[in-house]
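The structure displayed is predicted, hence computed values, not measured ones. All chains are named by letter (A, B, ...) in the order of the sequence lines, taking the proteins before the strands, and each is independently numbered beginning at 1.
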2 protein chains.
Amino acid sequence: MQEHEHDRCEEQCIHSEVVESVRTQMLGTVPSEELAQLFKVLGDNTRIRILDALYLSELCVCDITALLGMNQSAVSHQLRVLRDARIVKSRKQGKNVLYSLDDEHISGLVRMGSEHVRELKR
Amino acid sequence: MQEHEHDRCEEQCIHSEVVESVRTQMLGTVPSEELAQLFKVLGDNTRIRILDALYLSELCVCDITALLGMNQSAVSHQLRVLRDARIVKSRKQGKNVLYSLDDEHISGLVRMGSEHVRELKR
DNA sequence: TTTATATATGAACAATTATTCATATAATAA
DNA sequence: TTATTATATGAATAATTGTTCATATATAAA
């Protein structure tokens, strides 16, 4: 009986060379989790609408609340999620708190995501 | 008593000109939901690891299963989510099913997301 | 000071979802 | 044919999460 030329896993069908090569190049645990976390934060319709609005202008909480036509509490909760993820930043102005996008990667992501969505429609 | 020059919402603090301008430029309901759905699919660590692997090479299910060190059923379930979202595509080869990224926007998104994550660390 | 307004947040509830287990399908080998 | 291997999938469970409600904090106005 002939030896297999490849190492074995629990699985029998494994293409070892490719798998080992891929394994060495894959993201580490931490970056992978952080990346997933970033997309998770972007993966909610309320938060996407907030980012879409903030992409167009700095806005206070009640502006956003009016734009989305929803509960102020819900908006504040989602702004907190976005702030914690450092996707938006805020500054105080009198009674208001003004929110804006934190950096240019975010608008890039939203733009690129939109392109993909548009492509799928064709 | 002087009339306000702006329309009113339920909220009192509204900055009407900005809000109205933003309102006309925002994404419609459908694109916004599709975009959120795309990010939601990307927003899971298992799926990110699968995409990270597929970015490096076309792979069969049991290769992915071995790479992630998890249950074959779990991997297949997540591959289905990715397939339904048209983020990956598959082709049959004998007993195996080979998966790969569906289009270049996805790798762009993953790359751009990684950049953002890296930036935050500094 | 008191009153009104803007925002934030804890708790509870409902809805969604990732994983596991068991099993089904499909392809190949014997 | 039967046995084995690769993949897919329904059901159940556990965990996560978005929204609402009630309320707290903070700023400004009276």
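- Residue A:L59 contributes atom CG, which lies 15 Å from atom C1' of C:dT7 at whole-angstrom precision.
- Judged as a ring-ring contact (aromatic ring centres under 6.0 Å, His included), the pairs with a partner in residues 69-106 of chain A (not counting sequence neighbours) are, in order, A:H105-B:H116.
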Would you give me the side-chain donor-acceptor pairs under 3.5 Å for residues 88-97 of chain B, sequence neighbours excluded?
residue, atom, partner, partner atom, Å
B:R91, NE, B:E58, OE2, 2.8
B:R91, NH2, B:E58, OE1, 2.9

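- The side chain of B:N96 places an N or O atom within less than 4.0 Å of a non-bridging phosphate oxygen (OP1 or OP2) of D:dT7.
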message: Output one letter per nucleotide in nucleotides 23-30 of chain C: B when a protein non-hydrogen atom lies under 4.0 Å from the base, S when only the sugar-phosphate is that close, - when neither is.
response: ---SBS--

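- When the side-chain hydrogen bond (donor to acceptor under 3.5 Å, both in side chains) test is applied to A:R86, no partner is found at least two apart in sequence or on another chain.
- In terms of the side chain to side chain contact (heavy atoms under 4.5 Å, CB included) criterion, residue partners of A:S21 (sequence neighbours excluded) are, by chain and number, A:Q25.
- For B:S76, the side-chain hydrogen bond (donor to acceptor under 3.5 Å, both in side chains) partners two or more places apart in sequence, or in a different chain, are B:Q72.
- In this structure, CD1 of A:I64 is placed 14 Å from C1' of C:dA8, rounded to the nearest angstrom.
- Rounded to an integer number of Å, the gap from CG of B:N71 to P of D:dA6 is 15 Å.
- Distance from the side chain of B:C62 is smallest to D:dT7 among C:dA8, D:dA8, D:dT7.
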All N/O donor-acceptor pairs, side-chain side in residues 39-53 of chain A, below 3.5 Å, sequence neighbours left out:
residue, atom, partner, partner atom, Å
A:D44, OD2, A:T46, N, 3.1
A:D44, OD2, A:R47, N, 3.1
A:N45, OD1, B:S32, OG, 2.5
A:R47, NE, A:V41, O, 2.6
A:R47, NH1, A:Q78, OE1, 2.7
A:R47, NH2, A:K40, O, 3.4
A:R49, NH2, A:L68, O, 3.2
A:D52, OD2, B:L27, N, 2.6

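- Between the side chain of A:S73 and the base of C:dT9 there is at least one donor-acceptor pair of N/O atoms closer than 3.5 Å.
- OP1 or OP2 of D:dA8 sits under 4.0 Å from a side-chain N or O of B:Y99.
- A:E20 is linked by a side chain to side chain contact (heavy atoms under 4.5 Å, CB included) to A:R23, counting only residues two or more places apart in sequence or in another chain.
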message: Using a 4.0 Å heavy-atom cut-off to protein, can you give one letter per nucleotide of nucleotides 11-18 of chain C, 5' to 3': B if the base is in contact, S if only the sugar-phosphate is, - if neither?
response: B-----SS

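- Distance check: A:L38 CG to A:I87 CD1 gives 5.0 Å after rounding to the nearest 0.5 Å.
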